[in-house]
K.L.:
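The structure's right below; bear with me while I get my questions together.
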Amino acid sequence: MPVANAAADALAAAKARADKGAVDRSHKGEGMREYAFVDPAGKRTNLSAYRGKPVLLNLWATWCIPCRAEMPTLDALAGQKGDALRVITLSQDFKGREAVDPYFAKAGFKHLKPWTDPDAAFSLGMQVNLPTTILFDSAGKEVWRVAGEMDWTGAKAAALLAEAR
């Protein structure tokens with residue numbers, strides 16, 4: 001099956017699934033965590049480098065089935081939003097790019113990049129399960145987080161993302 005058809009099929013399957021994510025606003029107003037991670041170019045960075053625009057941080061792993069299920073909708077969202085919303089899909093795989101690169105190659109994402117946190121600093125430090133997605137506003141303050149799978153191109157996600165400033 002060509003990569004384009006596989007990506008389209010994965011997006012259709014992800015959209016067909018019901019949103020299972022629970023919205024949590026109990027951390028609203030908290031600042032971005034300053035854990036270090038690796039950007040797609042292989043350089044160490046942290047979230048504060050991306051202040052100035054809203055950031056959607058998705059914590060996921062290649063072994064996490066719900067994470068993989070929502071990735072095509074995150075790829076579509078990244079394409080729809082362009083520069084207006086930074087979508088960072090941050091892998092929590094301990095093997096880093098060794099695990100992520102083959103997955104990205106097979107999935108055929110057009111807009112997502114392979115961000116990695118091989119220390120799993122975010123998921124361990126924040127004590128969250130995967131997938132967890134956090135929206136930060138342009139000032140670097142948390143707006144909400146979603147624990148669990150979401151169709152990021154659906155109406156529920158659109159309403160949540162409209163809260164980004």
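We number each residue from 1, following the sequence as shown.
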K.L.:
Is there any disulfide (SG to SG under 2.5 Å) pair reaching into residues 130-165, and which pairs are they, with sequence neighbours excluded?
P.N.:
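Applying disulfide (SG to SG under 2.5 Å) to every pair that reaches into residues 130-165, excluding sequence neighbours, yields nothing.
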K.L.:
Side chain to side chain contact (heavy atoms under 4.5 Å, CB included) between Leu56 and Leu74: does it pass, once the steps are laid out?
P.N.:
CA-CA 10 Å; Leu56 187 69; Leu74 285 162; 4.0 Å; yes
K.L.:
Would you please name every residue forming a salt bridge (charged side-chain N to carboxylate O under 4.0 Å, His left out) with Arg97, sequence neighbours left out?
P.N.:
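Per chain and number, Arg97 pairs via salt bridge (charged side-chain N to carboxylate O under 4.0 Å, His left out) with Asp101.
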K.L.:
Sequence neighbours left out, what passes ring-ring contact (aromatic ring centres under 6.0 Å, His included) with Tyr103? Give chain and number order.
P.N.:
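Partners of Tyr103 under the ring-ring contact (aromatic ring centres under 6.0 Å, His included) test: Trp60, Phe109.
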K.L.:
Do the side chains of Phe94 and Val128 join up, straight or via other hydrophobic residues, at under 4.5 Å, putting them in one cluster?
P.N.:
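No, Phe94 does not connect to Val128 through the hydrophobic network.
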K.L.:
To check you understand the geometry: which heavy-atom pair defines the closest contact between Pro54 and Arg165, and what is its length?
P.N.:
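Minimum heavy-atom separation between Pro54 and Arg165: CG-O, 3.8 Å.
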K.L.:
Taking the side chain as every heavy atom from C-beta outward, state whether Leu160 and Leu135 have any pair of such atoms under 4.5 Å apart.
P.N.:
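Sidechains of Leu135 and Leu160: no contact.
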K.L.:
Looking at side-chain heavy atoms only, is the closest gap between Trp115 and Ser91 below 4.5 Å?
P.N.:
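They are not in side-chain contact.
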K.L.:
Could you check if a side-chain atom of Met32 sits within less than 4.5 angstrom of a side-chain atom of Leu57, using non-hydrogen atoms only?
P.N.:
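They are not in contact (no side-chain heavy atoms under 4.5 Å apart), so the answer is no.
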K.L.:
Not counting sequence neighbours, list each pair that qualifies as a disulfide (SG to SG under 2.5 Å) and has a residue in residues 121-154.
P.N.:
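Listed once each, the pairs would be none.
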K.L.:
With a 4.5 Å cut-off on side-chain heavy atoms, are Leu77 and Leu85 touching?
P.N.:
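A side-chain contact under 4.5 Å exists here.
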K.L.:
Distance-only, no hydrogens or angles: does the Arg68 side chain make a donor-acceptor pair with backbone N or O of Thr62 under 3.5 Å?
P.N.:
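Side chain of Arg68 to backbone of Thr62, a donor-acceptor pair under 3.5 Å: yes, one is there.
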K.L.:
Under a 4.5 Å cut-off applied to non-hydrogen side-chain atoms, are Thr133 and Met150 in contact?
P.N.:
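A side-chain contact is absent here, since even the closest heavy-atom pair is not under 4.5 Å.
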K.L.:
Run the side chain to side chain donor-acceptor pair (under 3.5 Å) test against Thr132 and tell me which residues pass, sequence neighbours left out.
P.N.:
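Partners of Thr132 under the side chain to side chain donor-acceptor pair (under 3.5 Å) test: none.
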K.L.:
Verify, without hydrogens or angle tests, whether Lys53 (side chain) and Asp83 (backbone) share a donor-acceptor contact under 3.5 angstrom.
P.N.:
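Side chain of Lys53 to backbone of Asp83, a donor-acceptor pair under 3.5 Å: yes, one is there.
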K.L.:
Check for a donor-acceptor pair, side chain of Asp119 on one end and backbone N or O of Ala121 on the other, with a separation under 3.5 Å.
P.N.:
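Not at all, since once roles are kept as given, no pair shorter than 3.5 Å links the two residues.
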K.L.:
For the atom pair CG (Asp137) and CZ (Arg51), what is the distance rounded to the nearest 0.5 Å?
P.N.:
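Result: 9.5 Å between the selected atoms.
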K.L.:
Heavy-atom distance under 4.5 Å between the side chains of Met126 and His27, does that happen here?
P.N.:
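They are not in contact (no side-chain heavy atoms under 4.5 Å apart), so the answer is no.
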K.L.:
Taking the basic N atoms (NZ, or NE/NH1/NH2) and the acidic carboxylate oxygens, is any pair closer than 4.0 Å for Glu163 and Arg25?
P.N.:
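Result for this pair is yes, salt bridge flagged.
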K.L.:
In the single-linkage hydrophobic clustering (I, L, V, M, F, W, Y; side-chain heavy atoms under 4.5 Å), do Val55 and Leu59 co-cluster?
P.N.:
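In one cluster: yes.
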K.L.:
Is the backbone of Gly96 close enough, under 3.5 Å, to the side chain of Asp93 for a donor and an acceptor to pair up by distance?
P.N.:
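No, because the side chain of Asp93 does not come within donor-acceptor range (under 3.5 Å) of the backbone of Gly96.
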K.L.:
Ignoring hydrogens, what is the shortest heavy-atom contact between Val100 and Pro114? Give both atom names and the distance.
P.N.:
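That closest heavy-atom pairing would be CG1-CB, 3.8 Å.
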K.L.:
Among pairs that include at least one residue of residues 118-138, which meet ring-ring contact (aromatic ring centres under 6.0 Å, His included), considering only residues two or more places apart or in two chains?
P.N.:
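Only Tyr35-Phe122, Phe37-Phe122 qualify under ring-ring contact (aromatic ring centres under 6.0 Å, His included).
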K.L.:
Measuring only between side-chain heavy atoms, which start at C-beta, is Lys81 closer than 4.5 Å to Val87?
P.N.:
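The answer is no; the side chains never approach within 4.5 Å.
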K.L.:
So which heavy atom on Gln92 is nearest to which on Ala120, and how close?
P.N.:
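So the minimum-distance heavy-atom pair works out to OE1-CA, 3.3 Å.
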K.L.:
What are the two closest heavy atoms between Ala61 and Leu130, and how far apart are they?
P.N.:
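Shortest heavy-atom separation between Ala61 and Leu130 comes out as CB-CD1, 3.7 Å.
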K.L.:
Can you tell me how far CG of Leu90 sits from CD1 of Ile134, rounded to the nearest 0.5 angstrom?
P.N.:
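Nearest 0.5 Å value for the CD1-CG distance: 10.0 Å.
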K.L.:
Restricting to non-hydrogen atoms, name the atom on Trp144 and the atom on Val23 that form the minimum distance, rounded to 0.1 Å.
P.N.:
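The pair with the smallest heavy-atom distance is CB-CG1, 4.1 Å.
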K.L.:
In the structure I gave you, are the side-chain heavy atoms of Arg44 and Val38 within less than 4.5 Å of one another anywhere?
P.N.:
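Yes; the side chains approach each other to less than 4.5 Å.
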K.L.:
May I have all residue pairs that pass disulfide (SG to SG under 2.5 Å) and include part of residues 45-100, sequence neighbours excluded?
P.N.:
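Passing the test, one end in residues 45-100: Cys64-Cys67.
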K.L.:
Of the non-hydrogen atoms in Lys113 and Pro40, which two are nearest, and what is the gap between them?
P.N.:
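Heavy atoms of Lys113 and Pro40 come nearest at CB-CG, 3.3 Å.
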K.L.:
Any disulfide (SG to SG under 2.5 Å) pairs touching residues 128-165, not counting sequence neighbours?
P.N.:
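Output for this query is empty, none listed.
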K.L.:
Please enumerate all residues that pass side chain to side chain donor-acceptor pair (under 3.5 Å) together with Asp24, with sequence neighbours excluded.
P.N.:
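With neighbours one apart ignored, the set is Ser26.
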K.L.:
Sequence neighbours excluded, which residues qualify as side chain to side chain donor-acceptor pair (under 3.5 Å) partners of Ser48?
P.N.:
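Only Glu34, Asn46 meet the side chain to side chain donor-acceptor pair (under 3.5 Å) criterion with Ser48.
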K.L.:
Going by the rule salt bridge (charged side-chain N to carboxylate O under 4.0 Å, His left out), which residues pair with Glu98 if we only count those two or more places apart in sequence or in a different chain?
P.N.:
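Partners of Glu98 under the salt bridge (charged side-chain N to carboxylate O under 4.0 Å, His left out) test: none.
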K.L.:
Going by side chain to side chain contact (heavy atoms under 4.5 Å, CB included), Glu70 matches just one of Asp151, Asn58, Val146, Thr89. Which one?
P.N.:
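The passing option is Asn58.
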K.L.:
For Asp75, what residues pass the side chain to side chain donor-acceptor pair (under 3.5 Å) criterion, not counting sequence neighbours?
P.N.:
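Checked Asp75 against side chain to side chain donor-acceptor pair (under 3.5 Å); zero matches.
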